[in-house]
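Down below is the structure, laid out as structure tokens.
Both ligands and their constituent atoms are indexed starting at 1 by order of listing.
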Amino acid sequence: MDAWVVAVDGPSGSGKSTVSRRLAAELHAGYLDTGAMYRAVTLAVLTAGADPTDAEAVVKIASEVTLDSGTDPENPHIRLNGEVVDGEIRGPDVTGAVSAVSAVPAVRALLVARQREIIAEADRIVVEGRDIGSVVAPDADLKVYLTASAATRAQRRSAEHDTDLQTTAAAMARRDALDSSRAADPLAQAPDAVVLDTTELGIDEVVSRLVELVRSSR
Ligand code: C5P
């Protein structure tokens, strides 16, 4: 197959990460987790003791850090200033602050440019995020929008992180509302995206449907 890009967007807990990694591995393609990039910048902001809602400070930090995103779906990792930070970026502090950081237009401009470079260098790649089909890769060969009921998404997240269901549901609703309502590149379903509701679908089923879609789109 020639070079191709698959864009996978959707809210948290929709199954995006698991599905995207599995899809990339099955198709021997690269995998890019753009959420990890916003999380790594947020970690840098918090480590510097800056206020995540102080756009000027956040942009300065974002423009000074070095990010290195691995694209191997079998071993995804992100380095912030040379250090692997995959564990730290999933903690509650970063999760609570990432929507403020990712709402800053200049931060998005920096990261979207970097994401496009990584995509251009890749032969075949599955890219997951919130604005991949709408902004980062509008010419993607296949656009997928994964969704699931709010209750299912909260249950998945709370099982994954071993956190209280009620608290997880509230934090998730807050983050989704912020990500969907921000002015710059909000969470959006591209008009030409294939929409899959994963509430009743198992991961295996979602992945095999997408493998078929990628093959038939070539
Ligand atoms: O996908 P994940 O939950 O790790 O994303 C973390 C946060 O990064 C999201 O809540 C959102 O604020 C931001 N994000 C974004 N655009 C993307 C990917 C993630 O704004 N393409």
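- Distances below 4.0 Å separate heavy atoms of Ser102 from the following atoms of ligand 1: 11 (C), 12 (O), 13 (C), 20 (O).
- Arg175 NH1, 2.9 Å is the protein heavy atom nearest to atom 3 (O) of ligand 1.
- In this structure, Arg22 pairs ionically with Asp204, as a charged nitrogen and a carboxylate oxygen lie closer than 4.0 Å.
- Between Glu117 and Arg114 there is a salt bridge, since a side-chain N of the basic residue sits under 4.0 Å from a carboxylate O of the acidic one.
- For CG of Asp162, the number of neighbouring non-hydrogen atoms (other residues, nucleotides, ligands) closer than 6.0 Å is 12 at most.
- If you look at Arg130 next to ligand 1, the close heavy atoms, those under 4.0 Å, come from the backbone and the side chain alike.
- Among protein heavy atoms, atom 14 (N) of ligand 1 sits closest to Tyr38 CD1, 3.6 Å.
- Under a 4.0 Å heavy-atom criterion, Arg108 is in contact with ligand 1.
- Atom CD of Gln166 has 12 or fewer heavy atoms from other residues, nucleotides or ligands within 6.0 Å.
- The protein atom (non-hydrogen) at minimum distance from atom 18 (C) of ligand 1 is Thr34 OG1, 3.4 Å.
- Less than 4.0 angstrom separates some heavy atom of Gly129 from each of these atoms of ligand 1: 18 (C), 21 (N).
- Regarding atom 21 (N) of ligand 1, its nearest protein heavy-atom neighbour is Asp131 OD1, 2.8 Å.
- Taking the charged nitrogens against the carboxylate oxygens, Asp176 and Arg157 have no contact shorter than 4.0 Å, which rules out a salt bridge.
- Annotation for Glu56: atom CD does not count as buried by contact number, only 12 or fewer foreign heavy atoms lying within 6.0 Å.
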N/O donor to acceptor pairs below 3.5 angstrom from side-chain atoms of residues 92-99, sequence neighbours left out:
residue	atom	partner	partner atom	Å
Thr95	OG1	Arg39	NH1	3.0
Thr95	OG1	Gly91	O	3.0
Ser99	OG	Asp179	OD1	3.0

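- Residue, atom and distance of the protein heavy atom nearest to atom 9 (C) of ligand 1 are Asp179 OD2, 3.3 Å.
- With a 4.0 Å cut-off on non-hydrogen atoms, Lys16 touches ligand 1 through its side chain and not its backbone.
- Using a 4.0 Å cut-off between charged side-chain N and carboxylate O, Glu160 and Arg156 make no salt bridge.
- As a member of the Ile/Leu/Val/Met/Phe/Trp/Tyr network built from side-chain separations under 4.5 Å, Val195 groups with Tyr145, Leu187.
- Every atom of ligand 1 is numbered from 1 in the order shown, and the set under 4.0 Å from a heavy atom of Val98 is 7 (C), 8 (O).
- Proximity annotation for atom 5 (O) of ligand 1: of Gly35, Gly10, Ser12, Gly35 comes nearest, heavy atoms only.
- Ranking the protein heavy atoms by distance from atom 4 (O) of ligand 1 puts Arg39 NE, 2.7 Å first.
- Residue contacts with ligand 1, taken as heavy atom pairs separated by less than 4.0 Å, involve Arg182 solely via side-chain atoms from C-beta onward.
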